[in-house]
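Atoms considered below: every heavy atom in the structure, side chains included; atoms not considered: hydrogens, waters and symmetry mates.
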Amino acid sequence: MDKNLLLINVGFGNVVAASRVVAIVAPGSSPIKRLRDEAGQRGKIVDATQGRKTRAIIITDSDHIVLSALQVETITQRFAPEK
């Protein structure tokens, strides 16, 4: 395993590998809802919301969809290097 693997906290102690993230999107639009439904049917959905409202959907390069209760902006800021 790569010792320089950057993990991004997506809420409630759940993390994703930054290098595997393709996009972070808001869950409101019809195409994103369709993408989420299709991922659920294929068994490629990871619910990291701990029962809270989904506020961001993270799409990975392995076609997995990660649901997060954090805002898109919050997750995006975690990708920026610390100052």
Side-chain angles (χ1 to χ4, degrees):
M1 183 176 208
D2 184 8
K3 293 184 191 222
N4 294 326
L5 180 65
L6 179 61
L7 298 174
I8 302 296
N9 184 336
V10 295
F12 307 107
N14 300 296
V15 296
V16 295
S19 62
R20 304 297 302 265
V21 173
V22 174
I24 305 169
V25 296
S29 71
S30 293
I32 298 302
K33 288 178 183 176
R34 196 166 32 253
L35 184 70
R36 176 182 175 172
D37 292 342
E38 290 170 2
Q41 292 172 356
R42 291 190 322 260
K44 294 242 180 181
I45 198 160
V46 178
D47 187 350
T49 62
Q50 300 292 327
R52 290 166 177 82
K53 180 180 177 183
T54 300
R55 293 203 164 108
I57 295 179
I58 302 161
I59 304 168
T60 67
D61 60 356
S62 62
D63 269 350
H64 284 85
I65 303 295
V66 181
L67 309 179
S68 176
L70 300 180
Q71 295 286 348
V72 173
E73 295 81 13
T74 304
I75 298 170
T76 303
Q77 288 174 355
R78 295 178 180 189
F79 277 86
E82 297 205 17
K83 296 176 183 173

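- Residues Thr74 and Arg55 are not in side-chain contact: their nearest non-hydrogen atoms beyond the backbone lie 4.5 Å or more apart.
- No side-chain heavy atom of Val21 sits under 4.5 Å from any side-chain heavy atom of Ile8.
- Two residues are said to be in side-chain contact when any heavy atoms from C-beta on lie closer than 4.5 Å; Asn14 and Gln50 meet this criterion.
- When all heavy atoms are compared, the tightest approach of Ser68 to Ile58 is CB-CD1, 4.4 Å.
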side-chain contact (heavy atoms from CB on, under 4.5 Å) evaluation trace for Thr60 with Val16: CA-CA 9 Å; Thr60 67; Val16 295; 5.6 Å; no
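- Checking side-chain atoms of Lys44 against main-chain N and O of Glu38 turns up no donor-acceptor pair under 3.5 Å.
- Within the model, atoms CG of Asp37 and CZ of Arg34 stand 9.0 Å from one another, a figure rounded to the nearest 0.5 Å.
- Between Leu70 and Gly11, the closest heavy-atom pair is CD1-N, 3.6 Å.
- Using a 4.5 Å heavy-atom threshold, the side chains of Ile59 and Ile65 count as touching.
- When all heavy atoms of Val72 and Ala56 are compared, the pair lying nearest together is CG2-CB, 3.8 Å.
- Between the side chain of Thr49 and the main chain of Leu67, no donor-acceptor pair closer than 3.5 Å is present.
- Nearest heavy atoms, Val10 versus Arg78: N-NH1, 4.4 Å.
- Closest non-hydrogen pair, Phe12 versus Ala69, comes out as CE1-CB, 3.9 Å.
- Here the shortest heavy-atom pairing between Ser19 and Asp61 reads O-OD2, 4.3 Å.
- With hydrophobic clusters built from ILVMFWY side chains whose heavy atoms lie under 4.5 angstrom apart, Leu6 shares a cluster with Val66.
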